Asks: 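Quick one: structure below, then a few questions.
For clarity, every value in this text was computed on a predicted model and none was experimentally measured. Computation of the quantities below employed the complete heavy-atom set of this structure, encompassing side-chain atoms and omitting hydrogens, waters and symmetry-equivalent molecules. First the proteins, then the strands, lettered A, B, ... as listed; each starts at 1.
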Number of protein chains: 2
Amino acid sequence: MTSLAEENYLKAIYKIQEKHGDVVTTSALAETLAINAASVTDFIKKMAVKKLISYEKSKGVRLSEQGRQIALSIIRKHRLWEVWLVNNLGFKWDEVHEIAEQLEHVISDELIEQLDKHLGYPKTDPHGDLIPDAKGRFIKNTSKPLSECSKGEKVKFTGVAEHSNAFLQYLTKSNIKLGDELLVEGIEEFDKSFQVKINNKERKILSKEVVKNLLVIAL
Amino acid sequence: MTSLAEENYLKAIYKIQEKHGDVVTTSALAETLAINAASVTDFIKKMAVKKLISYEKSKGVRLSEQGRQIALSIIRKHRLWEVWLVNNLGFKWDEVHEIAEQLEHVISDELIEQLDKHLGYPKTDPHGDLIPDAKGRFIKNTSKPLSECSKGEKVKFTGVAEHSNAFLQYLTKSNIKLGDELLVEGIEEFDKSFQVKINNKERKILSKEVVKNLLVIAL
DNA sequence: AAACATAATTAGGTAAGCCTAATTATGTAT
DNA sequence: ATACATAATTAGGCTTACCTAATTATGTTT
Ligand SMILES: [Mn+2]
Ligand SMILES: [Mn+2]
Ligand SMILES: [Mn+2]
Ligand SMILES: [Mn+2]
């Protein structure tokens, strides 16, 4: 069995690995988990013994295949619960993460498969993140940050690269939603801000901090 | 905050108190929680300090008002989740308890109120148990065991007094469901078994062990 | 009242997960 | 090559929630 703490470590390692490449340092883990580095060192040594990760002293850790599968199953559960909370219980996309952090640890394969079915086998969660299948496989993802688009490009907003409530609430307030069509009308040389037309209607100026975190696919 | 262990102790104390009256003994608690009596003594002393229960050494414990409210909130969550699992996810009534044991500890008032609303404010769970409201109040319950009915009485099956999978599966196999109408056609003096007519159709002989655990209301 | 059985408590210990403070390793700047 | 800064580890401790074995309390027989 995998404990709550182990599940959280595995998920954190997976996410850091995804973002900053291969090897995950003790300090990076300590940072994301808000746990003292000394405690992390302790814990990862035990996880290495259980073959959930490989650990090279003073270098860092990486997930074993088994560890990766567990991490993906937690992420799958987290994202399915988020879909349920938004689609069925009426929560907003900035209200579901904390609850899903708890629900993701409920253990029952039957439950999660029934939930998946109940939701209609969604491919993405309320933030546009891909939901791995029961085997830990993702569908292909061709999205890129809006910041990498050029003038004249027309794209669809499909996800966020930043999940803070501040950012999610900014988007809600600005009336920008997943699925919206964005046309890059201009890019300001000076501050790298984007002028976009949303759904062929409103025009908006988006700062470089914003466009960096809007994930889009070409239309 | 209340820990997972505390929540489980409170729920167990509540249930024993409900069944066997006022004071709950260390051994009764140890039995239901499957925890060593010495550990229970230890733990209840700490709970008494936190005013979750009152504790008289070598006598036993009873819930404080605060403890009772927490116990009821856990029971409320447990039963609402069971309703959801059966009504929305397609589980059978003998498949939901273990999953609800986990879900009942998820912390979010918002979540449980939204769930309640989503389910249409159910008054009973899949086993006919009453669901307390957010303030810990129950609707009145006038049910009694079928064993206390007399010949000729016509009643409705509304709940079970025994929650084991064995019993639930026996009822399913016998095609006896919550809401069924039962007419007591005869009572066998020798073994206290009941002959009943179900929904004005099939006739069945039910042993005294069975009728004792079928809760019914007069029609 | 003494003996016995059973229930409850106390004493002492363990594992999981965390902490702080001290030490050591690693990489960069001088 | 040495010094310095930062990262990582080690050492020693703490709390929670459990355990076993030993002791004491309680209630029932004889
Ligand atoms: Mn989330
Ligand atoms: Mn998400
Ligand atoms: Mn149950
Ligand atoms: Mn139930």
Side-chain angles (χ1 to χ4, degrees), chain A residues 1-14 16-17 19-63 67 70-71 74 101-102 104-105 107, chain B residues 1-14 16-17 19-63 67 70-71 74 101-102 104-105 107:
Chain A
M1 268 302 83
T2 340
S3 74
L4 177 68
E6 281 167 349
E7 292 189 348
N8 284 332
Y9 272 80
L10 289 172
K11 192 165 53 116
I13 295 169
Y14 180 92
I16 298 168
Q17 226 171 248
K19 196 156 217 170
H20 309 290
D22 230 22
V23 172
V24 175
T25 62
T26 300
S27 47
L29 254 182
E31 166 83 38
T32 38
L33 290 168
I35 290 173
N36 190 285
S39 310
V40 171
T41 300
D42 238 45
F43 203 88
I44 59 184
K45 282 196 275 188
K46 292 176 198 155
M47 290 176 80
V49 171
K50 294 187 186 174
K51 309 278 186 199
L52 294 169
I53 56 175
S54 65
Y55 167 50
E56 264 191 287
K57 192 165 146 176
S58 289
K59 289 264 164 43
V61 299
R62 55 160 59 91
L63 292 174
I70 295 170
I74 306 299
E101 287 284 319
Q102 297 179 64
E104 71 188 8
H105 300 291
I107 294 165
Chain B
M1 266 305 81
T2 342
S3 73
L4 178 67
E6 281 167 349
E7 292 189 347
N8 284 331
Y9 271 81
L10 289 172
K11 192 166 52 118
I13 295 168
Y14 180 92
I16 298 168
Q17 226 171 248
K19 196 157 218 168
H20 310 290
D22 230 22
V23 172
V24 175
T25 63
T26 301
S27 47
L29 254 181
E31 166 83 37
T32 39
L33 290 168
I35 288 172
N36 190 283
S39 311
V40 171
T41 301
D42 234 47
F43 203 88
I44 60 184
K45 282 197 277 188
K46 292 176 197 155
M47 288 177 81
V49 171
K50 293 189 187 176
K51 310 276 187 200
L52 294 169
I53 56 177
S54 65
Y55 167 52
E56 265 192 286
K57 193 165 144 176
S58 289
K59 287 265 164 44
V61 299
R62 57 159 57 89
L63 292 175
I70 295 170
I74 306 298
E101 287 285 320
Q102 298 179 63
E104 71 189 8
H105 301 291
I107 295 165

Asks: For residues 28-43 of chain A, please give each side-chain donor-acceptor pair under 3.5 Å, one per line with the distance, not counting sequence neighbours.
Replies:
| unit_1 | atom_1 | unit_2 | atom_2 | d |
| --- | --- | --- | --- | --- |
| Thr32(A) | OG1 | Ala28(A) | O | 3.0 |
| Thr32(A) | OG1 | Leu29(A) | O | 3.2 |
| Asn36(A) | OD1 | Ala38(A) | N | 2.8 |
| Thr41(A) | OG1 | Ala37(A) | O | 3.2 |

Asks: Let's go through Ile44(B) and Ile53(B) carefully: what are the C-alpha distance in whole Å and the side-chain angles of both, what is the deciding distance for side-chain contact (heavy atoms from CB on, under 4.5 Å) to 0.1 Å, and is it a yes or a no?
Replies: CA-CA 8 Å; Ile44(B) 60 184; Ile53(B) 56 177; 3.8 Å; yes
Asks: Check the pair Lys11(A), Glu6(A) against side-chain contact (heavy atoms from CB on, under 4.5 Å), reporting the backbone distance first and the verdict last.
Replies: CA-CA 9 Å; Lys11(A) 192 165 53 116; Glu6(A) 281 167 349; over 6 Å; no
Asks: How long is the line joining CG of Leu4(A) and P of dT16(D), in whole Å?
Replies: 17 Å
Asks: Mind running side-chain contact (heavy atoms from CB on, under 4.5 Å) on Lys45(B) and Tyr55(B) for me, showing each step along the way?
Replies: CA-CA 7 Å; Lys45(B) 282 197 277 188; Tyr55(B) 167 52; 3.5 Å; yes
Asks: Going by number, which of residues 35-49 of chain B have a non-hydrogen atom under 4.0 Å from DNA chain D?
Replies: Ile35(B), Asn36(B), Ala38(B), Ser39(B), Asp42(B), Phe43(B)
Asks: Once rounded to the nearest 0.5 Å, what's the spacing between atom CD1 of Ile107(B) and atom CE of Met1(B)?
Replies: 5.5 Å
Asks: Examine distances only and state if a side-chain atom of Glu7(A) and a backbone atom of Leu4(A) form a donor-acceptor pair shorter than 3.5 Å.
Replies: no
Asks: Just by modelled atom types, is the Leu63(B) backbone N or O under 3.5 Å from a matching donor or acceptor in the Gln17(B) side chain?
Replies: yes
Asks: Looking at Arg62(B) and Glu56(B), is there a salt bridge between them, counting it only when a charged N and a carboxylate O are closer than 4.0 Å?
Replies: no
Asks: Students should find this one: the first and last nucleotides of DNA chain C, 5' to 3', lying under 4.0 Å from a heavy atom of chain B. What are they?
Replies: dA7(C) to dT10(C)
Asks: Need to verify one output field. Residue with the more 5' nearest nucleotide on DNA chain C, Thr25(B) or Ser58(A)?
Replies: Thr25(B)
